[in-house]
Student: 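Quick one: structure below, then a few questions.
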Amino acid sequence: MAVLEINDIVTAYGKIEALKGVSLSVAEGKITCLLGPNGAGKTTLMMTISGILKPQRGAIRFNGQDLAGKPARTVVGQGVALVPENRLVFPEMTVEENLKAGAYLRRDAGKVPSDIASVYERFPRLQERREQYAGTLSGGEQQMLAISRALMARPKLLLMDEPSLGLAPLIVEDIFRIVRELNNEGTTIFLVEQNAHMALQVAHHFYLIEQGKIVFDGSPDEMEEDEVIKRAYLGSKV
Amino acid sequence: MDFYFGLLQIIGVHTILGLSAYIVLLTGQVTIAQAGFFAIGAYIAGMLTVLAGWHLVPAMLVAALVAGFVACLVGFPALRVKGLMLVVATTAFGEAVRLFWFNFDYQIAKGDVQVGPLGGEGFKQIRFFPENGWTTGDVALFIWFWVAVIMAGLWWMDRSRAGAVLRAVGEDELAAQSVGINLTAAKVSAFAVGGFIAGIGGAIYAHYTTHIEHANFGVILATFAIAYPILGGLSSVLGTLLAVIFIQGFLVEGLRFLGDWRNLLFGALIVLAMNVRPRGLIDERVLNTLRRTFSIGQGGGNA
């Protein structure tokens, strides 16, 4: 069952088309990964799905509802939350204020404190630092905060834009453990990565994007068998 | 005594002006338009009391609403520009407002004199206070009543959800959008509320000086408007008040004995203050100390 279906999306910055007709689908309850080099359009796609950028044409269907061109607040309200590239926590707000900001659109304000408590259970480091400015956290802690902030919206689909970017290998493993954990708990995840090795350990399905177009669509096994991908993304010797 | 009341009046009105810029700065927008909204408030309220014979309070509120409405109109195009370009755009707007009043004549006969704004000569005889027998002390009290109302309103807003939204927009627009915040609504309402507050300040200013002219509302005033909250710090409205007292009370009045050297020292002291306290006179640490001392917000939690 595809929970997110993207059909022929074109997004442009001025005259330059960053996405030249992208189509893909994300299966419910699975981890789908989008791989691709710098400048391929990965972040543009994430921002288009989350309503921060407007596509020129194409359809984005989430649970059957059309989200293409809808503002970010509608998309978040429908249950799609983005963990942005480079984390983008609110640096001069405390950890707890960041979490509250994530629950901004929630109608059930009464349940927010218990959700914050369960975030702290998952990430004890964040509880230790709850009164601290988010800008003073380490990169890994900021990534955990960014993920937690997105979770505060109780998303059905979590979009993650390069969560491993600029983090130490041990922290990256931590992050991917969390990705798998969230998925086991029932959250569908659409992940953008450049770290193909890590992604291979968690993702159920792969897409490869190059120059604004999807050039590969397949299972992890199929990906490992593809000679071109092997050479370019997995770096194994031929 | 009148000197001190006069000083209190200046500090009060400038605090209102500074607070009008405070709320816009929270959203990360640097605005040089506040003197323009201040001028709109001053002229409209003056015309309502002098030409239409209104009481000051309704005149002030109507003038503030007009200023707020204009600010709302400025807020929309301001969405499309950021940083330095916004500074340029809002400066241009402020100058356009000033030049509008420079060219605007609307006089009527009252008894045997002509009253009303008269272009470059300004708008004289805004005599609501003396005509109604208010003393300087009464006026100072009136001004500080409004300072208190506005400060309390913004203090409360700062601690509410609305304040968190404005700050989130100011810190990172992309992140704010990703949690579902409506950027347009946040930025435009900050502008509108800021314009409303500046309008109140202008209305009061016109009546205690009794004579306004376009030159009062130039870039210098607009610069002061943002200097107060920036120097005072954006952690709390108290910073703006303290910065106004520091600049108007200490630097402008307190150093008068230095004669012409004052202006030089003036700039140097502001630079020094910003270096010693880069996050403003009242930053989060001072605020926490204050909170502990007075145990403010024990019941309200640490929102």
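Per chain, numbering begins at 1; letters A, B, ... match sequence-line order.
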Student: Side chain, backbone, both or neither: which part of A:Pro71 has a non-hydrogen atom closer than 4.5 Å to chain B?
Tutor: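 Neither; nothing under 4.5 Å.
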
Student: Tell me if a side-chain donor or acceptor on B:Arg167 pairs with a main-chain N or O of A:Phe90 at a distance below 3.5 Å.
Tutor: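 No, because the side chain of B:Arg167 does not come within donor-acceptor range (under 3.5 Å) of the backbone of A:Phe90.
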
Student: So which of A:Arg87, A:Met47, A:Arg73 has the largest heavy-atom pair count under 4.5 angstrom toward chain B?
Tutor: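 It is A:Arg73.
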
Student: Do A:Arg149 and B:Val179 have side chains that get closer than 4.5 Å, going by heavy atoms?
Tutor: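 In contact.
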
Student: Measure the spacing between CD1 of A:Ile52 and CD of B:Glu173 and express it to the nearest 0.5 Å.
Tutor: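 The distance works out to 11.0 Å.
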
Student: Mind listing the closest non-hydrogen atom pair of B:Ala175 and A:Leu88 along with its distance?
Tutor: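 What the structure gives for the nearest pair is CB-O, 3.1 Å.
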
Student: If you measure from CD on B:Glu284 to OH on A:Tyr133, what distance do you get to the nearest 0.5 Å?
Tutor: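 Nearest 0.5 Å value for the CD-OH distance: 3.5 Å.
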
Student: Atom CG in B:Leu174, atom CG in A:Leu82: separation rounded to 0.5 Å?
Tutor: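 If I round to the nearest 0.5 Å, the distance is 7.5 Å.
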
Student: So does A:Glu92 get a backbone contact from the side chain of B:Glu171, meaning a donor-acceptor N/O pair under 3.5 Å?
Tutor: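 Checking the backbone N and O of A:Glu92 against the side chain of B:Glu171, a donor-acceptor pair under 3.5 Å is found.
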
Student: Counting only heavy atoms from other residues, nucleotides and ligands, does the tally under 6.0 Å from CD of A:Gln132 exceed 12?
Tutor: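 Check passes, neighbour count above 12.
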
Student: So what's closer than 4.5 Å to chain A heavy atoms on B:Ala168: side chain, backbone, both or neither?
Tutor: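 For B:Ala168, the contact with chain A is made by backbone and side chain together.
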
Student: Are there over 12 heavy-atom neighbours, none belonging to B:Leu79, within less than 6.0 Å of that residue's CG?
Tutor: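 Yes, because the 6.0 Å sphere around CG of B:Leu79 holds more than 12 heavy atoms from other groups.
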
Student: So for atom CZ, which belongs to B:Phe69, do other residues, nucleotides or ligands contribute more than 12 heavy atoms lying within a distance under 6.0 Å?
Tutor: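 Result for CZ/B:Phe69: open.
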
Student: Find the one option among A:Ala81, A:Ala103, A:Ala101 whose heavy-atom pairs under 4.5 Å with chain B are most numerous.
Tutor: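 Top option by heavy-atom pairs under 4.5 Å: A:Ala101.
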
Student: If we define contacts as heavy-atom pairs under 4.5 Å, which of B:Leu183, B:Asn182, B:Val165 has the most with chain A?
Tutor: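 Looking at each option in turn, the highest pair count goes to B:Asn182.
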
